[in-house]
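Have a look at the structure below before the remarks.
Hydrogens, waters and symmetry mates play no part in the numbers below; they use all other heavy atoms, side chains included.
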Amino acid sequence: QVRLVESGGGSVQPGGSLRLSCVASGYTFGSSCMAWFRQAPGNVREGVASIFTGGGSTYYADSVKGRFSISRDNAKNTVYLQMNSLTPEDTAMYYCAKVTFPACKWAAVSGTKGAAVVDYWGEGTLVTISS
């Protein structure tokens with residue numbers, strides 16, 4: 001049974017940082033593409049970042065390039081999202097996702113279409129940016 005459990009969300013002021021974590025179980029984590037998505041109130045879920053199996057290839061939505069960084073620790077079955085220089089526009093529920101391997105880049109760069117290539121979702125962790 002595949003399970004993805006996110007943590008690390010919270011409330012921070014603009015300009016602050018957060019680090020999200022997602023622990024995976026129930027499948028061969030090291031062979032999978034992983035991604036982070038987010039969904040703001042009233043909006044459609046959109047891709048944020050994705051990472052290939054070995055972590056050597058990462059992809060980002062334009063809106064987060066230079067501010068967010070995705071990484072993974074295959075020994076711990078964990079994927080991370082380091083978020084810096086946060087703005088109120090980053091406020092959303094953030095979801096960890098296992099992505100169909102060939103579509104790894106697509107998950108991150110195709111905006112709201114990336115959700116179509118997700119095999120499994122976590123339940124999400126809420127990030128709120130407010131002064």
- [ ] May I ask you to test the L86-F68 pair for a side-chain heavy-atom distance under 4.5 Å?
- [x] yes
Open item on the list: Applying a strict under-4.5 Å side-chain criterion to I, L, V, M, F, W and Y, I'd like to know whether F29 and I70 cluster together.
Closed with: yes
- [ ] Keeping the roles fixed (side chain from S32, backbone from M34), state whether a donor-acceptor pair exists under 3.5 Å.
- [x] no
Open item on the list: Taking disulfide bond (SG atoms under 2.5 Å apart) as the cut-off, I'd like each qualifying pair that reaches into residues 31-72, sequence neighbours left out, listed once.
Closed with: C33-C104
Open item on the list: How close do N84 and S17 get, counting heavy atoms only, and between which atoms?
Closed with: OD1-OG, 2.9 Å
Task: Beyond-backbone contact of S63 with R38, side-chain heavy atoms, under 4.5 angstrom - done: yes
Open item on the list: Give me each pair satisfying ring pair (Phe, Tyr, Trp, His ring centres under 6.0 Å) with a member in residues 109-131, each pair once, sequence neighbours excluded.
Closed with: F37-W121
- [ ] Answer whether the closest heavy-atom distance between the side chains of I129 and P14 falls below 4.5 Å.
- [x] yes
Task: Side-chain donor/acceptor of R19 to backbone N/O of G8, under 3.5 Å - done: no
Task: Heavy-atom side-chain contact between V79 and C96 under 4.5 Å - done: yes
Open item on the list: Going by the rule side-chain hydrogen bond (donor to acceptor under 3.5 Å, both in side chains), which residues pair with T100 if we only count those two or more places apart in sequence or in a different chain?
Closed with: D119
Task: Check: T78 side chain, V23 main-chain N or O, donor-acceptor pair, under 3.5 Å - done: no
Open item on the list: Looking at E123, is its backbone amide N or carbonyl O close enough to the side chain of E6 to form a donor-acceptor pair, meaning the two atoms are under 3.5 Å apart?
Closed with: yes
TODO: State plainly whether one hydrophobic cluster holds both V64 and V12, where clusters connect Ile, Leu, Val, Met, Phe, Trp and Tyr through side-chain heavy atoms under 4.5 angstrom apart.
DONE: yes
TODO: Test the R67-Y60 pair against the cation-pi criterion, namely NZ or CZ under 6.0 angstrom from the six-membered ring centroid and within 45° of the ring axis.
DONE: no
- [ ] Would you check if V127 and M83 make a side-chain contact, meaning some heavy-atom pair closer than 4.5 Å?
- [x] yes
- [ ] Apply side-chain contact (heavy atoms from CB on, under 4.5 Å) to W106 and Y59, showing your working.
- [x] CA-CA 9 Å; W106 177 258; Y59 305 97; over 6 Å; no
